[in-house]
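Have a look at the structure below before the remarks.
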Amino acid sequence: MAKNSANSQKLKRGKELREKAALRLGEAFLEAEKTFSEGLKRQSFGQDVDRATLRLFSSNTQAYREALVGCALIRSVDTTVDIHLPRADQSENSFSNRTALEKVVTPFLKSKSVPVSKAPYLSSLRGDVKFVRGGQPRVLDDQEAFDCLVDVVSFLSDNSESIAHNYLVSLLLQFIELRESAIIPLLEVNRLSLGQYKRLTRIFLDVPSHGRIPMMLSVALLRTLRDCFKLDWEIEYQGINVADKASGAVGDITVKQNGRVLLAVEVTERKIDDDRVNAVFQEKIGPSSLSDYLFVFTKNMPTTTAISVAQSFFSIGHEVNFVSVADWIEHVLATIGSECRGKFKNHMSTLLADIETPKALRVAWNECLKQVIVSPVENLNPA
């Protein structure tokens with residue numbers, strides 16, 4: 001009876017630990033993606049640990065580095081677990097790393113298109129494996145890499161939850177770097193309804209991208225209008241964080257016809273106030289004699305003073321307008337018909353497939369498409 005009660009308690013603790021681990025893994029992955037997108041370096045944990053980690057990523061036995069994710073993750077949420085012992089029956093303080101990988105880590109990493117194996121504990125970590133020197137699995141494919149795994153596990157065991165969390169972020173960053181060298185196919189969908197396009201646009205805009213997503217959506221929409229109505233437009237756009245002044249561009253996107261600027265577009269996630277509108281007029285609109293300038297914003301509405309300043313330019317021949325990228329896309333797609341809506345999707349696929357587009361955005365697009373496809377009800381509310 002007492003044994004059954006103990007087993008029940010252990011199962012309950014294991015479930016609670018996996019639930020905490022799932023939340024922590026999501027948080028750590030977001031941190032790692034942010035670090036990668038900002039081009040920051042991985043945190044160092046000392047020469048020996050850094051070298052051991054790199055050795056794990058050069059090993060053909062990828063099960064070792066995947067098992068390490070489980071160890072770092074569990075250590076980051078509960079320091080009472082002995083992560084040297086990856087099976088629940090090895091001691092009172094042990095925990096099933098295999099279960100954590102199969103139910104939490106592997107499904108999550110696969111959902112992010114990170115190249116991982118299906119079952120590391122069945123491929124290279126079978127038997128009564130222990131992450132200690134001499135604690136070998138039945139078939140040891142790479143002794144040196146396994147010893148590196150043991151060394152990092154010892155390092156984690158000697159340090160706090162916060163150190164384990166920081167190491168987990170650094171480790172996930174290396175998995176993201178690994179993903180960048182892999183081919184990530186875009187999810188193919190034959191057609192979407194107008195309601196699905198609306199939802200897709202809005203949830204995709206919620207993905208952190210440092211301005212890349214609203215830029216791509218805007219470029220795709222302008223290309224769609226050009227193709228749909230057979231317009232003689234040249235659509236030029238520049239990279240994120242490229243200063244207009246340095247490049248000589250009059251906007252983030254420039255629409256030209258026979259070399260003449262028809263429309264200059266600034267795509268922004270930042271606040272649009274009167275100071276910004278005045279600065280744009282002084283630096284771009286006035287000197288280039290632009291007759292049509294469009295601010296495309298995401299969530300930050302232009303201030304009333306910004307709108308007032310923009311209206312004052314109308315009398316001297318310069319139109320400065322503002323539009324929400326989500327509303328703009330929704331209204332245009334509602335007007336151009338099903339066939340042209342398909343062109344918009346194709347243009348987005350082309351932009352996402354570009355070699356310079358971060359793989360994280362391709363993954364996010366696929367995830368957003370899946371959400372839209374499986375949703376049983378189309379949300380017709382404006383928000």
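Under the 3.5 Å distance criterion, with hydrogens and angles disregarded, no donor-acceptor pair is assigned to the side chains of Thr53 and Arg42. Using a 3.5 Å distance cut-off with no hydrogens or angles, the side chains of Glu330 and Thr201 do not pair a donor with an acceptor. If you check the side chains of Glu66 and Gln62, you find a donor sitting under 3.5 Å from an acceptor. Between the side chains of Ser37 and His210, a donor-acceptor pair is found at a separation under 3.5 Å. Between the side chains of Thr303 and Asp273, no donor-acceptor pair of N or O atoms lies under 3.5 Å.
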Under the side chain to side chain contact (heavy atoms under 4.5 Å, CB included) criterion, do Val267 and Phe297 qualify, and how do the steps go?
CA-CA 6 Å; Val267 184; Phe297 60 90; over 6 Å; no
Derivation of the side chain to side chain contact (heavy atoms under 4.5 Å, CB included) call for Leu361 and Ile213
CA-CA 8 Å; Leu361 297 191; Ile213 287 175; 4.0 Å; yes
With side chain to side chain contact (heavy atoms under 4.5 Å, CB included) as the test, would you mind laying out the steps for Asp274 and Ser308 before giving the verdict?
CA-CA 8 Å; Asp274 55 327; Ser308 296; over 6 Å; no
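Residue Asp158 qualifies as enclosed at atom CG: its count of foreign heavy atoms under 6.0 Å is above 12.
Distance CE/Met301 to NZ/Lys271: 13.5 Å, rounded to 0.5 Å.
The aromatic ring centroids of Phe281 and His318 lie less than 6.0 Å from each other. Between Tyr64 and Phe146, the ring centre distance stays below 6.0 Å.
Look at Arg75 and Glu161 and you find no salt bridge, because none of the NZ, NE, NH1 or NH2 atoms lies under 4.0 Å from a carboxylate O.
Legend: disulfide bond (SG atoms under 2.5 Å apart) pairs involving residues 17-100, not counting sequence neighbours: none detected. Listed by first and then second residue, the ring pair (Phe, Tyr, Trp, His ring centres under 6.0 Å) pairs that reach into residues 156-207 are Phe45-Tyr167, Phe57-Phe175, Phe204-Trp365, sequence neighbours excluded.
Of the candidates Asp142, Asp147, Asp151, Asp142 is the only one forming a salt bridge (Lys or Arg N to Asp or Glu O under 4.0 Å) with Arg55.
Judged by distance alone, with hydrogens and angles left aside, the side-chain atoms of Thr106 form no donor-acceptor pair with the main-chain N or O of Glu102 at under 3.5 Å. Side chain of Glu266 to backbone of Asp252: no donor-acceptor contact under 3.5 angstrom is found.
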